[in-house]
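Reviewing the structure listed below.
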Amino acid sequence: MTDTQGHPARPPGPPPPGSLCLVTGATGYIGGRLVPELIAAGHRVRCLARTPGKLRDHPWADQAEIVRGDVTDAASLAEALRGVDAAYYLVHALGSGRDFEETDRRAARTFADQARAAGVRRIVYLGGLVPRGVPDRDLSPHLRSRAEVGRILLDSGVPTTVLRAAVIIGSGSASFEMLRYLTERLPVMVTPSWVRTRIQPIAVRDVLRYLVGSATMPAHVSRAFDIGGPEVLTYLDMMRRYADVDGLPRRLILPVPVLTPRLSSHWVGLVTPVPRSIARPLAESLKYEVVCDEHDIADWVPDPPGTPIPFDRALSLALQKVRDAQVDTRWSSASVPGTPSDPLPTDPDWAGGSLYTDVRERTVDAPPEALWRVVEGIGGENGWYSFPLAWAVRGWLDRLVGGVGLRRGRRDAARLRIGDSLDFWRVEEIERGRLLRLRAEMRLPGLAWLEMYAEHDDEGRTRYRQRALFHPRGLAGHAYWWSVSPFHALVFGGMARNIARTAEAAAGGTGTGAAS
């Protein structure tokens with residue numbers, strides 16, 4: 001017997017222990033944490049990524065097979081699903097435009113068709129908890145799309161597990177970051193009425209445990225499961241409990257009915273690092289009570305003692321990870337939808353149009369290693385080494401037009417890896433000890449990069465080289481470059497000068513800058 005592509009069909013049944021699992025969305029928050037959990041459980045893992053290089057620096061990268069592909073591309077999916085026992089669908093097109101629901105629908109159907117053709121034994125999908133008794137037409141577009149994707153996968157003909165979660169609490173999750181910043185920054189808050197909505201949050205560790213356990217469910221189980229923690233809370237309860245766990249004074253919270261989800265998403269965007277494009281669907285989803293109707297998942301993935309993890313314990317675990325700078329993935333791990341993803345044009349032979357550059361070089365009286373530590377530590381709490389007000393204003397302007405702004409910070413205080421978000425940049429390339437290339441994710445009329453090099457010059461001295469590049473889009477792009485170029489000496493020149501000085505100070509003035 002063969003499948004529709006002519007490959008030998010496997011007998012029906014649950015995926016065996018040690019089976020091959022395909023993880024889509026491995027560059028994202030949940031996917032990046034699920035891969036090592038599957039490996040630890042004894043499974044073989046294959047990751048599907050549009051840009052495989054983004055996974056290169058993950059600590060588990062050499063233990064997983066990484067293939068190039070996209071869930072909307074049937075050919076790449078067919079190849080990626082070959083021989084797979086359990087396929088994890090952890091992607092969605094939220095924020096990619098007004099037609100994101102259609103994009104989600106098309107991608108889910110393509111995935112379902114290819115999984116069935118490849119003889120996959122199980123599909124596992126993490127969706128959203130849907131409020132009881134609310135018609136689809138009244139749901140937020142975000143929840144409506146997540147629910148539709150679940151139905152498409154359940155109708156695929158492949159045994160499917162759909163896990164439906166509300167608020168996920170874990171270091172770096174969008175929900176946790178939103179809760180954290182709102183509570184820490186505002187001792188007195190005028191809040192939307194949705195802070196009184198009942199929610200059943202769940203710890204990310206429990207989400208991962210259910211995801212891993214779903215891989216080996218028996219073939220006759222094909223359904224959705226509600227997953228949640230042991231407590232039902234309002235968002236008001238959650239903020240007050242966060243303040244208690246973090247040792248903050250009690251917060252004064254004043255709910256008002258006039259803040260609609262649209263208005264409150266602007267409010268969240270101003271106060272927290274979560275941009276409006278993500279804050280709005282989160283806020284819209286909080287209009288309705290999202291509480292589990294059942295806990296049947298425990299029949300197939302039993303809860304060990306002490307689980308599901310209580311809310312305060314989930315907060316403590318997340319906060320400890322933040323304080324120890326051990327946040328494995330963040331909500332910003334996945335590229336922001338709608339931001340440029342084009343690679344840096346080949347230089348100097350690129351013939352694709354204008355490419356503006358600003359180049360700065362300085363000799364540094366410090367070893368290259370000291371210079372590299374400063375380069376790799378840039379951004380976040382360390383700032384950008386020049387004219388902080390200019391960087392702050394640029395970040396605020398980006399937030400006002402719906403961009404990510406300057407407050408995403410860093411995943412790790414000292415070390416970067418490809419794919420990390422870094423304020424309003426993303427790490428596109430690292431040559432450890434030599435090159436850091438960042439790609440802009442701010443709203444711009446063109447594509448922008450910033451490169452920083454720690455090198456030796458022809459005389460063996462340490463040299464810092466910095467290059468800003470901008471590929472304009474249309475007349476607006478050219479106008480943008482020329483309008484900001486008068487400030488480059490202040491911003492980029494000051495940046496190069498201060499990075500060099502910081503490296504020299506860190507070296508204690510003993511670095512010779514010469515090759516040994």
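Computed over heavy atoms, backbone and side chain alike; hydrogens, waters and symmetry mates excluded.
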**Item:** Check: Thr234 main-chain N/O paired with Arg198 side-chain donor or acceptor under 3.5 Å
**Value:** no
**Message:** Testing Asp226, Ile297, Ile227 one by one against Cys292 for a side chain to side chain contact (heavy atoms under 4.5 Å, CB included), which residue passes?
**Reply:** Asp226
**Prompt:** Any salt bridge between Asp312 and Arg241, counting N to O under 4.0 Å?
**Reply:** yes
**Message:** If you compare all heavy atoms of Ile168 against all heavy atoms of Ser173, which two are closest, and at what distance to 0.1 Å?
**Reply:** O-OG, 2.9 Å
**Item:** Backbone of Tyr288 reached by a side-chain donor or acceptor of Thr197 within 3.5 Å
**Value:** no
**Request:** Work out which heavy atom in Ala26 is nearest to a heavy atom in Val35; give both atom names and the distance.
**Result:** CB-CG2, 4.3 Å
**Message:** Is any side-chain heavy atom of Leu139 closer than 4.5 Å to one of Pro131?
**Reply:** yes
**Request:** Starting from the C-alpha separation in whole Å, work towards a yes-or-no answer on side-chain hydrogen bond (donor to acceptor under 3.5 Å, both in side chains) for Thr161 and Arg122.
**Result:** CA-CA 7 Å; Thr161 302; Arg122 177 158 298 276; 2.8 Å; yes
**Prompt:** Can you check whether Asp246 reaches Thr183 side chain to side chain, under 4.5 Å on heavy atoms?
**Reply:** no
**Item:** Pairwise side-chain contact, Ile199 with Val291, heavy-atom cut-off 4.5 Å (strictly under)
**Value:** no
**Request:** Check ring-ring contact (aromatic ring centres under 6.0 Å, His included) between Phe111 and all other residues, then give those that pass, not counting sequence neighbours.
**Result:** Tyr89
**Message:** Nearest 0.5 angstrom please: Ile418 CD1 to Thr27 OG1, how far?
**Reply:** 12.5 Å
**Message:** Using 0.5 Å steps for rounding, measure from the OG atom of Ser222 to the CG atom of Asp155.
**Reply:** 9.0 Å
**Prompt:** Is any side-chain heavy atom of Tyr242 less than 4.5 Å from a side-chain heavy atom of Leu248?
**Reply:** yes
**Minimal non-hydrogen separation, Gly170 against Ala318, with atom names** = C-CB, 3.8 Å
**Among Arg439, Arg437, Arg56, salt bridge (charged side-chain N to carboxylate O under 4.0 Å, His left out) partner for Glu429** = Arg56
**Item:** Considering all heavy atoms, the nearest Ile169-Leu179 contact
**Value:** CD1-CD2, 4.4 Å
**Asked** Would you say Arg417 and Pro59 make side-chain contact, with heavy atoms under 4.5 Å?
**Response** yes
**Item:** Heavy-atom pair of closest approach, residues Ala115 and Ile123
**Value:** CB-CD1, 3.8 Å
**Message:** Whether Arg432 and Glu376 form a salt bridge (side-chain N of Lys/Arg under 4.0 Å from carboxylate O of Asp/Glu) is what I want to check.
**Reply:** yes
**Request:** Not counting sequence neighbours, which residues clear ring-ring contact (aromatic ring centres under 6.0 Å, His included) with Tyr235? List them please.
**Result:** Trp194
**Asked** Does the side-chain contact (heavy atoms from CB on, under 4.5 Å) test come out yes or no for Phe225 and Met217, once each step is laid out?
**Response** CA-CA 13 Å; Phe225 295 92; Met217 281 186 175; 3.8 Å; yes
**Asked** Hey, is the main chain of Ser19 close enough, under 3.5 Å, to the side chain of Asp85 for a donor-acceptor pair?
**Response** no
**Donor-acceptor contact below 3.5 Å, side chain Arg426 vs main chain Gly419** = yes
**Prompt:** Should Leu48 and Val91 count as side-chain neighbours, where that means a heavy-atom distance under 4.5 Å?
**Reply:** no
**Prompt:** Going by heavy atoms in the side chains, are Pro159 and Val221 under 4.5 Å from each other?
**Reply:** no
**Asked** Looking only at atom types and distance, does a side-chain atom of Asp70 sit under 3.5 Å from a main-chain N or O of Thr72, one as donor and one as acceptor?
**Response** yes
**Request:** Search all heavy atoms of Leu153 against all heavy atoms of Ala108 and return the closest pair with its distance.
**Result:** CD2-O, 3.9 Å
**Request:** Please answer whether the main-chain N or O of Gly28 pairs with a side-chain N or O of Arg33 as donor and acceptor at a distance below 3.5 Å.
**Result:** no
**Prompt:** Do the charged groups of Glu148 and Arg151 touch, with an N to O distance under 4.0 Å?
**Reply:** no
**Prompt:** Looking at CG of Asp412 and CG of Leu422, how far apart are the two atoms once the value is rounded to the nearest 0.5 Å?
**Reply:** 11.5 Å
**Message:** Between Arg46 and Ala80 (side chain of the first, backbone of the second, donor and acceptor by atom type, cut-off under 3.5 Å), is there such a pair?
**Reply:** yes
**Request:** For Phe176 and Val322, run side-chain contact (heavy atoms from CB on, under 4.5 Å): C-alpha distance rounded to whole Å, both residues' side-chain angles, the deciding distance at 0.1 Å, then the answer.
**Result:** CA-CA 11 Å; Phe176 173 75; Val322 172; 4.1 Å; yes
**Message:** Working to the nearest 0.5 angstrom, can you tell me the gap between His43 NE2 and Glu37 CD?
**Reply:** 11.0 Å
**Prompt:** For the side chain of Arg410 and the backbone of Ile378, is there at least one donor-acceptor N/O pair under 3.5 Å apart?
**Reply:** yes
**Prompt:** Would a distance-only check, ignoring hydrogens and angles, find a side-chain to backbone donor-acceptor pair under 3.5 Å from Arg116 to Ser156?
**Reply:** yes
**Prompt:** Parallel, tilted or perpendicular: which fits the ring planes of Tyr210 and His295, with parallel below 30° and perpendicular above 60°?
**Reply:** perpendicular
**Prompt:** Is the side chain of Tyr88 donor-acceptor paired with the backbone N or O of Leu34 at a distance under 3.5 Å, no angle test?
**Reply:** no
**Request:** Could you give me the CA-CA distance, side-chain angles and deciding distance for Met452 and Leu438, then say whether side-chain contact (heavy atoms from CB on, under 4.5 Å) is met?
**Result:** CA-CA 9 Å; Met452 289 164 276; Leu438 307 176; 3.8 Å; yes
**Prompt:** Can you check side-chain hydrogen bond (donor to acceptor under 3.5 Å, both in side chains) on Trp391 and Asp423, steps first, answer last?
**Reply:** CA-CA 10 Å; Trp391 288 93; Asp423 293 326; over 6 Å; no
**Prompt:** To the nearest 0.5 Å, how far apart are CH2 in Trp300 and CZ in Arg223?
**Reply:** 9.0 Å
**Message:** I'd like to know if Asp237 and Arg240 make a salt bridge, using a cut-off of under 4.0 Å between side-chain N and carboxylate O.
**Reply:** no
**Identified side chain to side chain contact (heavy atoms under 4.5 Å, CB included) counterpart of Arg44 within the set Leu20, Val84, Ile39** = Leu20
**Message:** For the CZ atom of Arg146 and the CG atom of Leu129, what is their distance to the nearest 0.5 Å?
**Reply:** 11.5 Å
**Request:** Step by step, work out the side-chain contact (heavy atoms from CB on, under 4.5 Å) result for Phe387 and Met495.
**Result:** CA-CA 8 Å; Phe387 202 5; Met495 182 178 176; over 6 Å; no
**Asked** Under 4.5 Å between any side-chain heavy atoms of Pro308 and Ile202, yes or no?
**Response** no
